[in-house]
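Report on one structure; see the data block that follows.
Just follow the structure's listing: the first ligand is 1, and inside any ligand the first atom is 1.
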Amino acid sequence: MDLSPIGETIQAIKETLPEGVKLVAVSKYHSAEEIQEAYLAGQRCFAESRVQELLEKEEALRESCPEISWHFIGPLQRNKVKYLIPLVSLIESIDSERLLDEVQRQAEKRSQKANILLELLVAQEDTKQGFSEGELLDLLEQWQRNPERWHSIELRGLMCMASHTKDEEAIAREFARCYQLFQEIKERYPLASNIDTLSMGMSGDYPIAVREGATEVRIGSRIFGDRH
Ligand SMILES: *Cc1c(COP(=O)(O)O)cnc(C)c1O
């Protein structure tokens with residue numbers, strides 16, 4: 001079968017990824033048709049950063065692309081959590097305790113387990129979100145002391161974004177710090193002993209992230225072109 005340009009790019013990226021590193025196609029601002037092209041090339045996992053957009057695309061593609069799994073990667077308001085829980089396989093952008101409480105509430109209501117990543121702030125920019133290292137460790141201490149509080153939540157790992165800079169060494173240091181913390185919490189916290197996902201690296205910096213130990217890369221514009 002001839003692949004579309006989107007499909008060719010996906011194949012080319014996949015060939016550069018080591019085994020065990022998962023490609024998540026970030027389809028935000030792109031159309032359902034473009035997602036379908038990627039799907040036809042074998043891509044199954046897609047990520048969106050706005051709830052409304054995800055709901056619309058999920059509905060549009062439910063029948064034609066039944067094997068899609070959706071990740072959510074954007075800033076998340078608590079009042080939108082209820083819409084995501086039934087539809088997404090992973091929420092990557094958990095950045096506060098209150099958000100975790102709401103995910104717990106909605107997952108429990110549906111007798112479901114919600115898979116999440118905790119977002120770690122490693123970039124030197126105030127525009128980015130996430131827990132600081134200290135906050136992350138405090139949260140895990142709490143979780144460990146009182147596992148009941150978030151019992152409907154499965155902690156799968158960490159997500160981070162590096163600083164927006166051309167300084168590749170600075171980017172590598174941020175990813176390396178994230179990897180180190182990922183390993184530390186795996187060893188230190190029984191509740192995290194099964195975590196398997198370190199989500200880092202985007203179009204501009206994913207080769208660096210892969211070298212620093214990412215298990216998942218989130219690639220948008222490199223696959224779909226510029227966002228309008
Ligand atoms: C948009 C986005 C991406 C993808 O960015 P590209 O540079 O287009 O690859 C990855 N992760 C997050 C959290 C995003 O918001």
Side-chain angles (χ1 to χ4, degrees), residues 5-14 16-17 21-32 34-35 37-38 41 43-57 68-77 80-81 84 88-96 99 103 115-131 136 156-168 170-172 174-175 177-179 182 197-228:
I6 287 175
E8 277 176 8
T9 311
I10 286 173
Q11 291 298 341
I13 293 172
K14 275 192 180 155
T16 69
L17 296 178
V21 177
K22 175 171 171 168
L23 172 62
V24 176
V26 177
S27 48
K28 62 186 184 196
Y29 301 94
H30 289 279
S31 66
E34 289 167 287
I35 295 175
E37 266 183 50
Q43 182 64 27
R44 290 294 178 268
C45 188
F46 295 84
E48 290 285 334
S49 62
R50 296 190 303 190
V51 174
Q52 186 57 35
E53 200 178 331
L54 187 146
L55 297 181
E56 286 165 14
K57 290 175 185 171
I68 284 190
S69 80
W70 295 102
H71 287 192
F72 190 79
I73 59 173
L76 180 54
Q77 289 171 307
K80 305 265 174 75
V81 169
L84 285 187
V88 302
S89 60
L90 185 65
I91 303 176
E92 303 200 12
S93 44
I94 298 292
D95 61 358
S96 76
L99 188 53
V103 172
N115 289 300
I116 63 118
L117 304 182
L118 297 173
E119 184 170 353
L120 179 67
L121 180 63
V122 287
Q124 308 296 315
E125 286 161 24
D126 7 310
T127 51
K128 302 223 158 90
Q129 342 207 350
F131 293 102
L136 183 84
R156 300 297 298 274
L158 302 180
M159 186 267 256
C160 77
M161 273 189 269
S163 295
H164 189 70
T165 168
K166 290 208 160 57
D167 181 350
E168 298 204 347
I171 294 172
E174 291 174 358
F175 286 147
R177 183 60 199 138
C178 210
Y179 177 80
F182 177 69
T197 304
L198 180 56
S199 172
M200 54 188 199
M202 324 199 320
S203 293
D205 57 17
Y206 77 88
I208 308 173
V210 167
R211 283 200 293 279
E212 299 299 338
T215 69
E216 174 190 309
V217 292
R218 308 177 308 271
I219 302 184
S221 46
R222 178 80 188 272
I223 295 173
F224 294 107
D226 289 340
R227 290 183 277 274
H228 341 281

- request: May I have the step-by-step check of salt bridge (Lys or Arg N to Asp or Glu O under 4.0 Å) for Glu53 and Lys28, ending in yes or no?
  value: CA-CA 8 Å; Glu53 200 178 331; Lys28 62 186 184 196; over 6 Å; no
field: Neighbouring residues of ligand 1, heavy-atom cut-off under 4.0 Å
entry: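 If the criterion is a heavy atom under 4.0 Å, then ligand 1 touches Val26, Lys28, Ile73, Met161, Met202, Ser203, Arg218, Ile219, Gly220, Ser221, Arg227.
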field: Residues Glu34 and Ser27: side-chain donor-acceptor under 3.5 angstrom
entry: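 Note: Glu34 and Ser27 side chains miss the donor-acceptor criterion.
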query: Are Arg218 and Tyr206 linked by a side-chain donor-acceptor pair shorter than 3.5 Å?
result: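 No.
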- request: Verify the neighbour count for atom OH of Tyr179: are there more than 12 heavy atoms of other residues, nucleotides or ligands below 6.0 Å?
  value: no
message: Does Glu168, at its CD atom, have more than 12 non-hydrogen atoms belonging to other residues, nucleotides or ligands within less than 6.0 Å?
response: no
message: With a 3.5 Å distance limit and no angle check, can you tell me whether Ser89 reaches the backbone of Trp70 through a side-chain donor-acceptor pair?
response: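 Yes; judged by distance alone, with no hydrogens or angles, the pair exists.
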